[in-house]
J.: 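Right, I'll just put the structure down here and ask away after.
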Amino acid sequence: MADAGTQVTVTVLAAGSLRLPFTRAAQDFAQRHPGTRFTLVFGAAGLLRERVAAGEHADVFASANLAHPDALGRRGGFGPTVAFARNALCALVRPGLAVTRETLVRTLLDPSVTLGTSTPGADPSGDYAFELFVRVERSGAGPAGCAAALAGKARQLTGGPGAPKPPGGHNVYGMLVASGAADVFLTYRTNARIALAEQAGLQVVDIDPHINVSARYGLVVRDGAPAAAQRFADDLCTGPGQAVLRDAGFLPV
C-alpha cells in the first residue's frame with residue numbers, strides 16, 4: 001500500500017485483448033491499495049513493443065505472446081518474462097454462413113468467402129492465424145499449397161498502424177464481421193465472446209484442437225518501476241488477477 005497521502009501512478013501497456021480484464025484488475029487493485037493510480041494503454045502488442053523500445057514509458061508491458069516481452073528483456077531495463085494466461089483462436093462468422101468445426105477449413109479455402117485476420121508482426125493474433133494456416137497444411141486438414149493460399153487471401157484488417165478503430169470503443173472484430181468486411185475472422189475466443197454480446201446473429205466456430213494455436217501471454221516489469229507495479233504484476237500472475245482473467249475467458253498457463 002502506498003504511504004498515506006502518496007500517489008503512485010503505474011503505467012501499463014498491454015495487448016488489446018487484455019483491455020477488459022486488465023481494466024477491471026487495475027480497478028480492483030486500486031481499491032485494495034489506496035493511492036495507486038493506473039495509466040492503461042492497449043493496442044497491438046508488436047506496435048506497443050516498438051514504442052517502448054523507442055523510449056515510451058511502461059512500468060508493465062503485457063503481450064499475447066512471450067516473444068515481445070522477451071525482446072524488451074534482452075534489450076535491458078526490464079525483468080524476466082512471466083507467462084500468466086493462455087488463449088486460443090476461433091472463427092467469428094457472419095450470420096447466415098453455414099459452417100461447423102468439421103467444415104471450417106473448406107469454408108476458409110472457399111474463394112467466395114472473405115477471410116479476415118490481424119496483422120502478423122504487429123499483432124500476435126495475426127502471427128497465430130498464419131501459424132494456423134501452416135498447421136492446416138502440415139496436418140493434412142487441407143490440400144497441398146493451402147497454407148500459401150490462405151495467407152494470400154487473408155485480409156489483415158486489424159493490428160496494423162492504419163487499422164480502423166471501432167466507434168465508441170466497441171469490439172472491432174464484431175464490427176468488421178457484422179459490416180461485411182470479413183465473412184470469417186480468425187481471432188481469440190475471448191474477443192469473440194465480447195463480439196457476440198455486442199452483435200446479434202454472429203456465430204463462433206471452434207477450431208479443431210489438433211490444428212488450433214494456443215496463445216501464451218507474458219509480461220515484464222520495468223527495472224526501477226514503483227513497487228506497486230510489481231505487486232500488480234504478481235496479482236495478475238498468481239493473485240486475484242487470475243480470477244479476473246478466468247472470468248474474461250482466459251485459461252491458466
J.: Taking Asn171 for its side chain and Asn191 for its backbone only, find out whether a donor-acceptor pair lies under 3.5 Å.
T.: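 Yes; at least one donor-acceptor contact below 3.5 Å.
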J.: Who passes side-chain contact (heavy atoms from CB on, under 4.5 Å) against Leu47, sequence neighbours left out?
T.: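 Listed in chain order: Ala44, Glu50, Ala122, Pro161.
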J.: Any side-chain to backbone donor/acceptor pair from Arg155 onto Ala181? Under 3.5 Å, distance only.
T.: yes
J.: How long is the span from the CG atom in Leu251 to the CZ atom in Arg189, to the nearest 0.5 Å?
T.: 7.0 Å
J.: Applying ring pair (Phe, Tyr, Trp, His ring centres under 6.0 Å), name anything that partners Tyr173, two or more places apart in sequence or on another chain.
T.: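 With neighbours one apart ignored, the set is Phe185.
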J.: Determine, using the 4.5 Å side-chain heavy-atom cutoff (strictly less than), whether Leu108 and Leu92 are members of one ILVMFWY cluster.
T.: no
J.: Compare every heavy atom of Val244 with every heavy atom of Pro21, then report the nearest pair and how far apart it is.
T.: O-CG1, 3.3 Å
J.: Output the distance between atom CZ (Arg231) and atom CG (Leu236), rounded to the nearest 0.5 Å.
T.: 13.5 Å
J.: Would you say Phe250 and Phe84 make side-chain contact, with heavy atoms under 4.5 Å?
T.: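 Contact flag for Phe250/Phe84 side chains = no.
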J.: What about Phe133 and Val93, same hydrophobic cluster or not, with Ile/Leu/Val/Met/Phe/Trp/Tyr joined at side-chain heavy-atom distances under 4.5 Å?
T.: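 Yes, one cluster joins them.
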J.: With rounding to the nearest 0.5 angstrom, report the CG to CG distance, Leu132 to Leu104.
T.: 8.0 Å
J.: With the 4.5 Å side-chain cut-off for hydrophobic clustering, are Leu66 and Val220 part of the same group?
T.: no
J.: Following the transitive rule for hydrophobic clusters with a side-chain heavy-atom cut-off under 4.5 Å over Ile, Leu, Val, Met, Phe, Trp and Tyr, establish whether Val221 and Val10 coincide in one cluster.
T.: yes
J.: Please walk me through it: do Asp110 and Ser112 pass side chain to side chain donor-acceptor pair (under 3.5 Å)?
T.: CA-CA 5 Å; Asp110 186 334; Ser112 68; 2.8 Å; yes
J.: For a 4.5 angstrom cut-off between non-hydrogen side-chain atoms, does Leu109 reach Cys146?
T.: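 Yes; the side chains approach each other to less than 4.5 Å.
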J.: Of all the heavy-atom pairs spanning Leu48 and Ala14, show the shortest one and how long it is.
T.: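 That would be CD1-O, 3.2 Å.
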J.: To the nearest 0.5 angstrom, please state how far the CG atom of Leu196 sits from the CD atom of Gln199.
T.: 10.0 Å
J.: Tell me, do Val41 and Arg51 make a side-chain contact under 4.5 Å, heavy atoms counted?
T.: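 Yes, close enough: below the 4.5 Å cut-off.
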J.: How about Arg24: does its CZ atom have over 12 heavy atoms from other parts shown lying under 6.0 Å from it?
T.: yes
J.: Please examine the side chains of Gln156 and Phe130, heavy atoms only from C-beta on, and report whether any two atoms are closer than 4.5 Å.
T.: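 SC-SC contact between Phe130 and Gln156 confirmed.
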J.: Which atoms form the tightest heavy-atom contact between Thr107 and Ala98, and what is the distance?
T.: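 Heavy atoms only, the tightest pair is OG1-O, 4.4 Å.
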J.: Could I get the full list of side-chain contact (heavy atoms from CB on, under 4.5 Å) partners for Ser63, not counting sequence neighbours?
T.: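 Residues passing side-chain contact (heavy atoms from CB on, under 4.5 Å) with Ser63: Ala45, Phe61, Asn65, His68, Pro69, Pro124.
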J.: Would you check if the side chain of Thr119 reaches a backbone N or O of Thr158 as a donor-acceptor pair within less than 3.5 Å?
T.: yes
J.: When rounded to the nearest 0.5 angstrom, what distance separates CG in Leu40 from CD in Gln27?
T.: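 So the CG of Leu40 and the CD of Gln27 are separated by 8.5 Å.
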J.: Quick check on side-chain contact (heavy atoms from CB on, under 4.5 Å): which of Leu157, Asp183, Leu150 does Leu115 satisfy it with?
T.: Leu150
J.: Between Arg86 and Arg216, is there a donor-acceptor pair closer than 3.5 Å when you use the side chain of the first and the backbone of the second?
T.: no
J.: Using the test side-chain hydrogen bond (donor to acceptor under 3.5 Å, both in side chains), find all partners of Asn87 that sit at least two apart in sequence or belong to another chain.
T.: Thr190, Tyr217
J.: What about Val99 and Val105, same hydrophobic cluster or not, with Ile/Leu/Val/Met/Phe/Trp/Tyr joined at side-chain heavy-atom distances under 4.5 Å?
T.: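 Same hydrophobic cluster.
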J.: List in chain and number order the residues that pass side-chain hydrogen bond (donor to acceptor under 3.5 Å, both in side chains) with Arg222, two or more places apart in sequence or in another chain; answer none if no residue qualifies.
T.: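 Expected list: Asp59.
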J.: Do the side chain of Asn212 and the main chain of Leu89 share a donor and acceptor less than 3.5 angstrom apart?
T.: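 A pair under 3.5 Å: yes.
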J.: One pair to check against side chain to side chain contact (heavy atoms under 4.5 Å, CB included): Val8 and His33. What are the steps and the verdict?
T.: CA-CA 10 Å; Val8 176; His33 300 273; over 6 Å; no
J.: Flag the pair Arg49 / Val52 as yes when at least one side-chain heavy-atom distance between them is below 4.5 Å, and no otherwise.
T.: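 Side-chain contact under 4.5 Å: no.
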J.: Do Arg101 and Asp206 sit within salt-bridge range, that is, some charged N less than 4.0 Å from a carboxylate O?
T.: no
J.: Quick check: does any side chain N or O of Glu137 sit under 3.5 Å from a backbone N or O of Ala144, one acting as donor and the other as acceptor?
T.: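 Not a single qualifying donor-acceptor pair exists.
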J.: Quick one: list whatever passes ring pair (Phe, Tyr, Trp, His ring centres under 6.0 Å) with Phe232, sequence neighbours left out.
T.: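 If we apply the ring pair (Phe, Tyr, Trp, His ring centres under 6.0 Å) test to Phe232, skipping adjacent residues, the hits are Phe29, Phe38.
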J.: Could you give the distance from CD (Gln242) to CG (Leu245), rounded to the nearest 0.5 Å?
T.: 5.5 Å
J.: Determine whether a donor-acceptor pair (N or O, by modelled atom type, separation under 3.5 Å) exists between the side chain of Asp127 and the backbone of Pro120.
T.: no
